[in-house]
Amino acid sequence: MAWWVWALVGLVLLAIEIVTPGGFFVIFFGLAALAVGVLVGIGAGGPDWMQWLLFSVLAVGSLVLFRGRLVDRFRDGGGPPSPSNLLGEIATLTDDLPPGGVGKAELRGTTWSVRHDGEGTLVRGQRCRVMRVDGLMLWVHAE
């Protein structure tokens, strides 16, 4: 096949990957078609049967080797921070907080509900340490 046919097939497959909900399957076939198109373009593609074999090996091989890592990378990257790993973190109060009182504090760029679990009033702007997590409520002490 001509190099431009491989390139066109590769671009169409990449476009299909973009418009379909992500599973990261078609992208590897599109990239394999583009790679075969480049090889054919520089004269290293060989006969048609070799091009199809190369396309199949590149597509399936890259799918098996890289899809899992790609999916993991995009799944872990987003979403709000999990409250379970906030123990010991330092938050900045956005409200005055009497002993046993509930208010707000900023931590990692997010505003959280906090409860003062110590003695004495904490003032707005004061830094405090997360001592306990109860659902979405952070229990804090003065730092």
In sequence, state the C-alpha distance, the side-chain angles, and the governing distance for Trp112 and Leu86, and then conclude on side chain to side chain contact (heavy atoms under 4.5 Å, CB included). CA-CA 11 Å; Trp112 296 87; Leu86 297 176; 3.6 Å; yes
Judged by atom type as modelled, is there a donor-acceptor pair below 3.5 Å linking the side chain of Gln51 to the main-chain atoms of Gly46? yes
Linking I/L/V/M/F/W/Y whenever their side-chain heavy atoms sit closer than 4.5 Å, directly or via other members, would Val12 and Trp3 fall into one cluster? yes
How close do Gly30 and Leu13 get, heavy atom to heavy atom, and via which atoms? CA-CB, 3.6 Å
So Gln126 and Leu97, do their side chains get closer than 4.5 Å, heavy atoms only? no
If you group Ile, Leu, Val, Met, Phe, Trp and Tyr by side-chain heavy-atom gaps below 4.5 Å, do Phe25 and Val19 land in one group? no
Testing the basics here: between Cys128 and Leu122, what is the closest heavy-atom pair and its distance to 0.1 Å? CB-CD1, 4.4 Å
Interatomic spacing from CG in Leu53 to CG in Asp48 - rounded to 0.5 Å: 12.5 Å
For the backbone of Val140 and the side chain of Arg132, can you confirm whether one donor and one acceptor N or O come within less than 3.5 Å of each other? no
Under 4.5 Å between side-chain heavy atoms, hopping through other hydrophobics if needed: is there a path connecting Leu39 to Met50? no
Minimum side-chain heavy-atom gap Trp49-Trp52 below 4.5 Å: no
Start with the C-alpha distance between Phe28 and Leu70, add both sets of side-chain angles, then the distance that settles side chain to side chain contact (heavy atoms under 4.5 Å, CB included), and finish with yes or no. CA-CA 11 Å; Phe28 296 107; Leu70 188 63; 4.1 Å; yes
Sub-4.5 Å side-chain heavy-atom contact between Leu14 and Leu34: yes
Nearest heavy-atom neighbours spanning Lys104 and Asp95: N-OD2, 3.0 Å
Are Phe24 and Leu63 in one and the same hydrophobic cluster, where Ile, Leu, Val, Met, Phe, Trp and Tyr link if side-chain heavy atoms are under 4.5 Å apart? yes
If you group Ile, Leu, Val, Met, Phe, Trp and Tyr whenever their side-chain heavy atoms sit less than 4.5 Å apart, what else falls in with Val64? Val60
Under a 4.5 Å cut-off applied to non-hydrogen side-chain atoms, are Arg124 and Leu93 in contact? no
Testing the basics here: between Arg108 and Glu89, what is the closest heavy-atom pair and its distance to 0.1 Å? NH2-OE2, 3.2 Å
Applying the 4.5 Å side-chain criterion to the ILVMFWY set and letting contacts propagate, would Trp4 and Phe29 be lumped into a single cluster? yes
Less than 4.5 Å apart, any side-chain heavy atom of Val133 and any of Leu87? yes
Are Leu138 and Ser113 packed together at the side-chain level, in the sense that at least one heavy-atom pair is separated by less than 4.5 angstrom? no
Which atom names give the shortest non-hydrogen contact between Pro99 and Gly118, and what distance separates them? CB-O, 3.4 Å
Looking at Val114 and Met137, what are the two nearest heavy atoms and their distance? C-SD, 3.6 Å
Mind telling me whether His116 and His141 have parallel, tilted or perpendicular rings, with 30° and 60° as the class edges? perpendicular
Say you draw a straight line from CD1 of Ile27 to CZ of Arg67; how long is it, rounded to the nearest 0.5 Å? 11.5 Å
May I ask you to test the Phe55-Val9 pair for a side-chain heavy-atom distance under 4.5 Å? no
Counting C-beta onward and ignoring hydrogens, is there a side-chain heavy-atom pair between Arg127 and Thr92 closer than 4.5 Å? yes
